[in-house]
Amino acid sequence: MSGQWVLIDTMLAEPAAVLVDGVPPESFRKALRVLSQVDRRAAPLLLGIIQRCMDEHQPMKWSGDSGGRLVYLEARTAVTHKGEVWAVWAWVGDTPPALEPYACGAIVWDQVARLAHPSGTALALLGSGYEGRVSERGTLTATQLFSDTGEITDFDSLLSLLLYPSAGQRWMGWLCPQGSSSPLRLVMYGRSQTEVAGYFHEASTGAGISATVNVSDATLRALRSTAATPSLALLDVEKARLIRWITDPPEGIQWKGLVDDRDTPHPDDVARIFAAAVELIESGKPVDLRDVRLRRREGGWMVVAGRGSLLPSTTGVELALIEIVETGIDLDTPDDIAPHDRGSTDTDPLGH
């Protein structure tokens with residue numbers, strides 16, 4: 001062999017290999033086992049070099065005899081965030097690496113605010129369209145992050161991790177951003193009950209992604225190909241927050257999290273929406289709402305009618321399919337909510 005780059009995940013106590021020579025494994029694999037398959041004699045030494053790289057935040061190199069042949073070992077940080085090393089690139093080969101490893105970009109998910117904080121590299125990997133969506137605070141809403149990612153493997157399990165995280169819970173899969181030249185891998189870990197963190201990384205192939213797309217993903221893909229009216233979206237019922245647009249959203253709405261944390265609906269309508277969410281959960285039957293006012297970017301309110309239908313779930317995530325139809329514009333009702341208001345972000349409206 002000439003050599004291989006191996007991406008080693010270091011977010012948990014035991015390192016795991018998540019990319020081997022450009023190809024991701026189907027699941028998390030112990031780093032020592034994977035490195036031993038690449039070079040059994042050099043694997044323990046390479047793990048020590050990886051640890052030094054993490055401790056000193058510096059690239060580490062070693063070359064020497066291993067079983068009668070010359071071996072080159074190298075470790076360099078792949079993903080860092082606020083002084084923590086989340087992943088390390090490890091090289092093992094007969095020669096020094098001639099090519100740079102794939103790019104990686106960190107992302108942090110705030111479960112309370114339902115906002116993603118991507119690094120600059122993560123945005124670059126997602127594609128040019130995503131850079132224009134980031135707010136001045138450097139955040140993406142769930143709909144901004146997921147509405148244009150195309151197919152996502154096991155999206156139900158990813159949502160379960162994002163909405164109801166626990167420390168040590170983890171997820172790994174493919175997604176296909178429309179602005180990216182190729183599919184990306186996403187690795188995410190639950191760090192606490194309120195934070196999920198991880199990273200995007202490139203890979204040499206997206207082969208097999210279609211084989212792992214579940215029924216929910218296939219349904220979303222089919223709906224996106226139709227000229228659907230009304231607008232359709234997935235709703236996080238607990239927070240009454242939109243997660244992912246299935247069809248094109250209504251134009252001109254200042255959605256929560258884009259500019260500030262004010263609720264998008266008029267304050268008098270927020271209580272009606274949460275009451276409808278409670279009814280939806282308790283009855284399990286579709287619930288209709290009329291004359292809901294949504295804040296417009298240009299001022300005033302868009303008046304819409306909506307219907308919510310609870311979706312079946314095997315992961316415990318309470319999701320609803322929301323249908324939204326514009327019924328009018330209200331330019332007379334004042335908008336008295338201060339921009340610094342956080343609305344329902346820091347509350348548990350359903351009393352869970």
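In this text the structure is predicted, and so the values were computed from the model without any measurement. For the numbers below, each heavy atom of this structure counts, side chains included, while hydrogens, waters and symmetry mates do not.
Looking at every heavy atom in both residues, Ser231 comes nearest to Pro249 through OG-C, 3.8 Å. Contact detail for Leu125 and Gly105: the closest heavy-atom pair is CD1-N, 3.9 Å. Here the shortest heavy-atom pairing between Pro265 and Ile273 reads CG-CD1, 3.4 Å. The minimum heavy-atom distance linking Leu19 with Ala203 is given by the pair CD1-CB, 3.9 Å.
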Apply side chain to side chain contact (heavy atoms under 4.5 Å, CB included) to Leu289 and Val304, showing your working. CA-CA 9 Å; Leu289 271 181; Val304 301; over 6 Å; no

Using side chain to side chain contact (heavy atoms under 4.5 Å, CB included), reason through Val88 and Arg76 one step at a time and then give a plain yes or no. CA-CA 6 Å; Val88 172; Arg76 63 175 75 170; 5.9 Å; no

Derivation and outcome, side chain to side chain contact (heavy atoms under 4.5 Å, CB included), residues Asp9 and Tyr199: CA-CA 10 Å; Asp9 184 281; Tyr199 48 91; 2.5 Å; yes

Between Phe274 and Val237, is a side chain to side chain contact (heavy atoms under 4.5 Å, CB included) present by the stated rule, with each step listed? CA-CA 9 Å; Phe274 282 121; Val237 179; over 6 Å; no

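Ionic pairing of Arg241 and Asp236 is not present here: no N-O contact between side-chain nitrogen and carboxylate oxygen is shorter than 4.0 angstrom. Arg52 and Asp55 are not joined by a salt bridge, as no carboxylate oxygen comes within less than 4.0 angstrom of a charged side-chain nitrogen. A salt bridge links Glu84 to Arg191: at least one charged side-chain nitrogen sits closer than 4.0 Å to a carboxylate oxygen.
Two different hydrophobic clusters hold Trp301 and Val270 under the rule that ILVMFWY side chains link at heavy-atom gaps under 4.5 Å. Hydrophobic cluster membership differs between Leu99 and Val92, with clusters built from Ile, Leu, Val, Met, Phe, Trp and Tyr side chains linked at under 4.5 angstrom. Hydrophobic clustering (ILVMFWY, side-chain heavy atoms < 4.5 Å, transitive): Ile324 and Val303 are in distinct clusters.
Side-chain contact between Glu74 and Met60: absent, with no pair of heavy atoms (C-beta onward) separated by less than 4.5 Å. Contact annotation: the side chain of Leu35 approaches that of Val6 to within less than 4.5 Å [non-hydrogen atoms, C-beta and beyond]. Residues Val85 and Val79 have side chains not in contact (no heavy-atom distance under 4.5 Å, counting atoms from C-beta outward). Annotation: side chain of Asp21 is not in contact with side chain of Trp5 (no heavy-atom distance under 4.5 Å). Side-chain contact between Leu234 and Ile246 is present, with heavy atoms from C-beta onward closer than 4.5 Å. Between Val20 and Val23, every side-chain heavy-atom pair lies at or beyond the 4.5 Å cut-off. Two residues are said to be in side-chain contact when any heavy atoms from C-beta on lie closer than 4.5 Å; Leu186 and Met172 fail this criterion. Put simply, the side chain of His340 does not reach to within 4.5 Å of the side chain of Asp260, judged on heavy atoms.
More than 12 heavy atoms of other shown residues, nucleotides or ligands fall within 6.0 angstrom of atom CD in Glu56.
At least one donor-acceptor pair under 3.5 Å links the side chain of Glu202 to the backbone N or O of Ala103. Panel note: side chain Lys256, backbone Asp261; a donor-acceptor pair is recorded below 3.5 Å. Checking side-chain atoms of Thr194 against main-chain N and O of Gln111 turns up no donor-acceptor pair under 3.5 Å. When atom types are taken as modelled, the side chain of Arg262 and the backbone of Ile337 share a donor-acceptor pair closer than 3.5 angstrom. Of the possible polar contacts, none joining the Ser66 side chain to the Arg69 backbone as a donor-acceptor pair under 3.5 Å is found. Under a 3.5 Å cut-off, the side chain of Trp89 and the backbone N or O of Tyr102 do form a donor-acceptor pair. At distances below 3.5 Å, not a single donor-acceptor pair connects side-chain atoms of Ser63 with backbone N or O atoms of Tyr72. Ser283 places a side-chain N or O within donor-acceptor distance of the main-chain N or O of Glu279, the cut-off being under 3.5 Å. At distances below 3.5 Å, not a single donor-acceptor pair connects side-chain atoms of Ser166 with backbone N or O atoms of Gln169. Without hydrogens or angle criteria, Trp109 side chain to Leu162 main chain gives a donor-acceptor distance under 3.5 Å.
Remark: the Thr143 side chain and the Thr141 side chain contain an N/O donor-acceptor pair separated by less than 3.5 Å. No hydrogens or angles considered: nothing links the side chains of Arg244 and Gln144 as a donor-acceptor pair under 3.5 Å.
Residues Trp255 and Trp245 bring their aromatic ring centres within 6.0 Å. Taking the six-membered ring where the residue is Trp, the centroids of Phe28 and Tyr189 are separated by under 6.0 Å.
Rounding to the nearest 0.5 Å places CG of Leu70 at 9.5 Å from OG1 of Thr95.
Shown are Asp263, Thr264, Asp335; of these, the side-chain hydrogen bond (donor to acceptor under 3.5 Å, both in side chains) with Arg295 is made only by Asp335.
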